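Note that this is a predicted model, so its numbers are computed, not measured.
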Amino acid sequence: MIFLMVSLVHRLFFASGIDVLKVLVAVGFSSFFVLSAKETKAIEADLSSHLVAITAGFSGDRILLFGSINSPGEVIVVVRGPDTDFKVQRKGQVAGIWMNTASMNFESVPSFYSIASTGPIEEISSSATRALNAIGFDNIGLELPVTKAAGKLADSWKEALLRNLLRSGNYQLENAEIVFLGEHLFRTEFELPANVPTGTYSVSVYHLRDGQIIDARTTPLTVSKIGVEAEIYDYAHLHSAMYGVIAIVVALVSGWIGHLVFRKG
């Protein structure tokens with residue numbers, strides 16, 4: 001039995017270049033299939049890597065999630081970035097000139113949001129389940145308090161924010177596909193754009209039956225700048241005034257050197 005499972009896992013992950021032995025160790029498939037159904041958990045899942053390192057040449061990344069379920073059902077995976085504040089601005093014409101005429105601040109909004117599922121989330125989960133577990137764009141806290149805006153005005157600001165996030169690639173409108181091999185093993189992939197925000201992400205995996213969650217797992221994913229870029233980034237945020245002075249001095253010196261190099265005579 002174990003030999004058969006190893007063979008299936010090899011077929012499932014070979015195309016992604018993932019080390020099969022590491023996958024088996026991470027998830028514990030070898031022990032999973034010798035335990036009785038009563039001793040196992042309804043769902044197990046893990047990531048191919050828990051760290052995304054952003055360097056100077058970073059152009060995006062792809063994260064593989066793999067796992068297994070021990071009984072029939074549906075699976076939803078939600079990747080949520082750290083909460084942050086967003087400011088949306090509205091432009092209008094003033095005396096024939098386009099400029100920002102209004103703005104709205106959104107607080108504690110996920111900086112990244114993506115879903116993978118075995119089917120349309122509206123069909124495989126109840127509305128109460130989605131609301132309770134923040135699954136779907138309508139349940140992640142994009143609503144404005146009535147003290148800021150209400151009705152159609154609030155809806156227009158929310159739509160503007162969602163358009164900006166979708167355009168950036170950090171919100172993904174189309175659900176990623178979850179691929180099953182047999183009845184138990186599954187995998188899916190998530191795309192991270194080049195401008196992906198840094199911080200600690202949560203990757204939540206839900207096993208559902210009849211629209212209700214019967215088991216869930218959450219694992220962290222860290223997106224971090226490393227190397228010289230990280231040191232400059234940290235210094236700019238911790239010592240913003242000094243960083244500004246240094247930037248001005250560097251610009252002046254660069255301009256002066258350019259003048260010396262290209263001046264006539």
Side-chain angles (χ1 to χ4, degrees), residues 47 49-54 58-65 76-92 98-117 119-122 124-125 127 129-178 188-206 218-225 229 233 236-237:
L47 301 172
S49 173
H50 288 269
L51 174 64
V52 175
I54 299 179
F58 183 78
S59 58
D61 203 352
R62 179 176 294 178
I63 300 299
L64 169 67
L65 180 141
I76 296 177
V77 181
V78 177
V79 181
R80 179 175 178 139
D83 289 350
T84 187
D85 298 339
F86 287 97
K87 183 176 184 179
V88 179
Q89 295 182 327
R90 177 175 296 166
K91 294 183 179 294
W98 284 95
M99 61 178 61
N100 295 326
T101 57
S103 64
M104 181 62 68
N105 293 319
F106 288 80
E107 300 177 355
S108 300
V109 174
S111 55
F112 181 94
Y113 195 84
S114 183
I115 292 179
S117 61
I121 60 174
E122 294 81 7
I124 64 176
S125 62
S127 57
T129 295
R130 296 194 301 273
L132 183 61
N133 296 277
I135 299 174
F137 292 142
D138 292 334
N139 302 301
I140 58 176
L142 299 184
E143 288 73 20
L144 287 166
V146 293
T147 54
K148 288 187 175 182
K152 293 183 178 180
L153 178 60
D155 291 339
S156 66
W157 282 115
K158 176 183 176 180
E159 292 170 0
L161 172 64
L162 193 54
R163 281 197 305 270
N164 292 345
L165 292 170
L166 290 170
R167 190 181 301 118
S168 71
N170 289 316
Y171 274 41
Q172 297 168 12
L173 185 61
E174 298 294 331
N175 291 359
E177 182 183 8
I178 294 178
T188 187
E189 291 182 327
F190 289 92
E191 298 283 347
L192 302 180
N195 62 336
V196 61
T198 58
T200 301
Y201 289 54
S202 65
V203 182
S204 300
V205 187
Y206 303 99
T218 298
T219 186
L221 171 67
T222 300
V223 179
S224 177
K225 296 179 183 290
E229 295 81 5
Y233 179 86
H237 283 75

Looking at every heavy atom in both Ser224 and Leu51, which two are closest together, and how far apart are they? CB-CD1, 4.4 Å
What do the steps show when you test Phe112 against Tyr201 for ring-ring contact (aromatic ring centres under 6.0 Å, His included), and what is the final call? CA-CA 8 Å; Phe112 181 94; Tyr201 289 54; 5.7 Å; yes
Where Glu191 and Pro193 come nearest, the two heavy atoms and their spacing: O-CD, 3.9 Å
Taking the side chain as everything from C-beta on, heavy atoms only, tell me whether Tyr206 gets closer than 4.5 Å to Val78. yes
Using the ring-ring contact (aromatic ring centres under 6.0 Å, His included) criterion, which residues pair with Tyr113? Sequence neighbours excluded. Phe137
Between Ser156 and Arg90, is any side-chain donor less than 3.5 angstrom from a side-chain acceptor? yes
Report the C-alpha distance between Met104 and Lys87 in whole Å, list the side-chain angles of each, state the deciding distance to 0.1 Å, and finish with yes or no for side chain to side chain contact (heavy atoms under 4.5 Å, CB included). CA-CA 6 Å; Met104 181 62 68; Lys87 183 176 184 179; over 6 Å; no
Please report the C-alpha distance between Arg80 and Ile140 in whole Å, then the side-chain angles of each, then the deciding distance to 0.1 Å, and finally whether the side chain to side chain contact (heavy atoms under 4.5 Å, CB included) criterion is met. CA-CA 10 Å; Arg80 179 175 178 139; Ile140 58 176; 4.3 Å; yes
Is any side-chain heavy atom of Leu166 less than 4.5 Å from a side-chain heavy atom of Gln172? no
Contact summary for Glu122 and Arg130, nearest pair of heavy atoms: CA-NH1, 3.5 Å
If you define the side chain from C-beta out and look only at heavy atoms, does anything of Leu64 sit under 4.5 Å from Leu47? no
For the pair Ser125 (side chain) and Ile121 (backbone), establish whether a donor and an acceptor sit closer than 3.5 Å, ignoring hydrogens and angles. yes
If we ignore hydrogens and angles and just use 3.5 Å, is the side chain of Ser111 paired with the main-chain N or O of Pro82 as donor and acceptor? yes
Does the Lys158 side chain pair with the main chain of Leu153, one donor and one acceptor, at a distance under 3.5 Å? no
Which atom pair, heavy atoms only, marks the closest approach of Tyr171 to Pro110? OH-O, 2.5 Å
Quick one: pull up CD in Glu107 and CZ in Phe86 and give me the separation to the nearest 0.5 Å. 13.0 Å
With a 4.5 Å heavy-atom cut-off, do Asp85 and Phe106 have their side chains touching? no
To the nearest 0.5 Å, tell me how far Glu174 CD sits from Ser114 OG. 10.5 Å
Would Thr218 and Ser204 count as having a side-chain donor-acceptor pair, cut-off 3.5 Å? yes
Interatomic spacing from CD in Gln89 to OG in Ser103 - rounded to 0.5 Å: 6.0 Å
Can you check whether Pro220's main-chain N or O pairs, donor with acceptor, with His50's side chain at less than 3.5 Å? yes
Of all heavy-atom pairs linking Ser49 and Leu221, the shortest is O-CD1, 3.6 Å
Is a donor on one side and an acceptor on the other found under 3.5 Å between the side chain of Asn195 and the backbone of Ser168? yes
Could you pull out all residues at least two apart from Asn164 that satisfy side chain to side chain donor-acceptor pair (under 3.5 Å)? Arg167
Below 4.5 Å, heavy atoms only, C-beta onward: do Ile54 and Thr198 meet side chain to side chain? yes
I want to check something: taking the side chain as every heavy atom from C-beta on, are Lys91 and Met99 in contact at a cut-off of under 4.5 Å? no
So, taking the atom named CZ in Arg163 and the one named CG in Leu173, what distance separates them when rounded to the nearest 0.5 Å? 13.0 Å
Once rounded to the nearest 0.5 Å, what's the spacing between atom CG of Leu142 and atom CG of Leu165? 7.5 Å
If I take atom CD1 from residue Ile76 and atom CD1 from residue Ile135, how far apart are they, to the nearest 0.5 angstrom? 4.5 Å
Of the non-hydrogen atoms in Phe190 and Ile115, which two are nearest, and what is the gap between them? CE2-C, 3.9 Å
So do Val203 and Val77 actually touch side chain to side chain, heavy atoms under 4.5 Å? yes
